[in-house]
Amino acid sequence: MLGFIGCGNMAQAMLKGITGKKLYDPSEIMAADHSEQALETAKANLGIQVTTDNCQVASQADVLVLAVKPFHFETVITEIRDVVKPETLIISIAAGQTIANIERLFGKNIKLVRSMPNTPALVLEGAAGVCFNANVVEDEKKTAMALFSSFGIAHEVSESLIDTVVGVSGSSPAYVFMFIEAMADAAVADGMPRAQAYELAAQAVLGSAKMVLETGKHPGELKDMVCSPAGTTIEAVRVLEKEGFRSAVIEAQKACVKRAKEM
């Protein structure tokens, strides 16, 4: 059985991919949450089993996903650690909770996966970094990677890079949403209806990202392809450079990683 403790947006995004790819039948999945509304939504949309009892999920799960906020970890793990089976594969998706700390909270030998997915999993376009403790064997690694790949792409990374994953893909959808919003605001200022502006801006970002992934070309090369001599695009790029666009993104991402390391 696949168990989730925590059934918020991220958990439901993951479950959408997992059930969509038929890795588990909904009858083989159980989620626990303190929110009755979250559980009702998950049950209605995904057909999974739900409960408010964390221990019920933890005691039955063969794969257990801890999808709660980092500051709830100690409370939740203290509650469930005595009922988790020795062979259960435990998956954490919390920022700032290291393998060493989670092992300490359980106080016993566990099979542990630490990961950082992102919210585009909701539309099956997620990105996740995944690392493992020493107790996880190859078949279990494949199981974990299949789960994360069901709603996007997944890369195995060393634990030292997990906080970097937080910055580059875990939190970055927020940066991209701000970029889309800013582009739409500019279009609205020039007279375009807002709904149309959002759609055009979002599609431009989607198409540009797809070009990076599918062509394999360096982003700088793709940028240069759009910048005609003395044209409109190079003028916009000039202003972005003048205003510190790339530096702002780098500094924001470094601040994100720093905060992740502090958690």
Side-chain angles (χ1 to χ4, degrees), residues 2-6 8-11 13-14 17-18 23 58 61-81 84-121 125-175 249-263:
L2 174 64
F4 273 73
I5 295 182
N9 290 336
M10 193 68 250
M14 293 173 66
I18 290 165
L23 298 182
D62 303 301
V63 178
L64 178 64
V65 181
L66 302 180
V68 296
K69 299 295 184 185
F71 53 86
H72 289 315
F73 257 55
E74 185 164 359
T75 301
V76 168
I77 292 174
T78 300
E79 180 186 1
I80 67 170
R81 63 190 175 194
V84 173
K85 296 179 290 189
E87 66 273 19
T88 295
L89 184 65
I90 300 167
I91 299 176
S92 164
I93 63 170
Q97 289 289 341
T98 65
I99 286 174
N101 188 55
I102 296 170
E103 289 174 333
R104 179 186 64 79
L105 290 172
F106 272 94
K108 61 182 180 181
N109 248 3
I110 57 170
K111 296 173 177 288
L112 180 61
V113 181
R114 184 182 175 195
S115 61
M116 180 46 58
N118 65 2
T119 54
E125 294 292 352
V130 186
C131 63
F132 308 92
N133 79 350
N135 299 324
V136 180
V137 300
E138 200 57 40
D139 283 349
E140 292 165 335
K141 288 183 179 182
K142 289 178 181 177
T143 295
M145 296 304 284
L147 289 177
F148 286 101
S149 297
S150 72
F151 49 83
I153 64 168
H155 284 274
E156 181 177 352
V157 299
S158 64
E159 188 177 20
S160 64
L161 287 176
I162 281 288
D163 293 325
T164 302
V165 171
V166 175
V168 75
S169 59
S171 296
S172 63
Y175 326 154
V249 172
I250 291 168
E251 291 305 313
Q253 193 165 308
K254 287 182 73 65
C256 178
V257 173
K258 179 175 181 290
R259 179 70 184 112
K261 290 179 183 295
E262 292 168 348
M263 293 176 71

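Nearest heavy atom pair, residue Gly129 against residue Val165, reads N-CG1, 3.7 Å. Between Glu140 and Asn135, the shortest heavy-atom distance links the atoms OE1-O, 3.9 Å. Of all the heavy atoms in Pro117 and Ala128, the pair that sits closest is CA-CB, 3.8 Å. Minimum interatomic distance between Gly167 and Ser172 (heavy atoms only, all atoms of both residues): O-CB, 3.8 Å. Between Thr119 and Pro173 the shortest heavy-atom distance is OG1-CB, 4.2 Å. Taking every heavy atom of both residues into account, Met116 and Gly170 meet most closely at CG-CA, 4.2 Å.
Scored by the side chain to side chain contact (heavy atoms under 4.5 Å, CB included) test, Phe71 finds Lys69 as partners (sequence neighbours excluded). Residues forming a side chain to side chain contact (heavy atoms under 4.5 Å, CB included) with Arg104 (at least two apart in sequence, or on another chain): Asn101. The side chain to side chain contact (heavy atoms under 4.5 Å, CB included) test applied to Asp62 returns Met1, Lys85, not counting sequence neighbours. By the side chain to side chain contact (heavy atoms under 4.5 Å, CB included) test, Ala11 is found to be paired with Phe4, Ala67, residues two or more places apart in sequence or in another chain being considered.
Taking CG of Leu147 as the reference point, atom NZ of Lys142 lies at 14.5 Å (rounded to 0.5 Å). Between atom OG1 of residue Thr98 and atom CD1 of residue Ile162 there is a gap of 11.5 Å, rounded to the nearest 0.5 Å. Annotation: the span from Ile90 atom CD1 to Ile80 atom CD1 amounts to 6.5 Å, rounded to 0.5 Å. With values rounded to the nearest 0.5 angstrom, Lys141 atom NZ is found 11.5 Å from Lys111 atom NZ. Distance check: Leu112 CG to Leu64 CG gives 10.5 Å after rounding to the nearest 0.5 Å. For the atom pair CG (Leu23) and CZ (Phe151), the distance works out to 10.0 Å, reported to the nearest 0.5 Å.
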| Stepwise, does the side chain to side chain contact (heavy atoms under 4.5 Å, CB included) test hold for Met14 with Ile93? | CA-CA 11 Å; Met14 293 173 66; Ile93 63 170; 4.0 Å; yes

| query | Can Ile77 and Val84 be said to form a side chain to side chain contact (heavy atoms under 4.5 Å, CB included), step by step? | reply | CA-CA 10 Å; Ile77 292 174; Val84 173; over 6 Å; no

Let me check something: any side-chain donor-acceptor pairs from residues 251-263 under 3.5 Å, sequence neighbours excluded? List them with distances.
residue	atom	partner	partner atom	Å
Lys258	NZ	Glu262	OE2	2.6

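With Gln97 contributing its side chain and Pro70 its backbone, the two residues share a donor-acceptor pair below 3.5 Å. Of the possible polar contacts, none joining the Ser115 side chain to the Cys131 backbone as a donor-acceptor pair under 3.5 Å is found. Side-chain atoms of Glu159 come within 3.5 Å of backbone atoms of Ile99 as a donor-acceptor pair (strictly under, hydrogens ignored).
Paired with Ile110 under the rule side chain to side chain contact (heavy atoms under 4.5 Å, CB included), one option of Arg81, Glu103, Glu87 passes, and it is Glu103.
Applying the salt bridge (Lys or Arg N to Asp or Glu O under 4.0 Å) test to residues at least two apart or on different chains, none of the pairs has a partner in residues 89-98.
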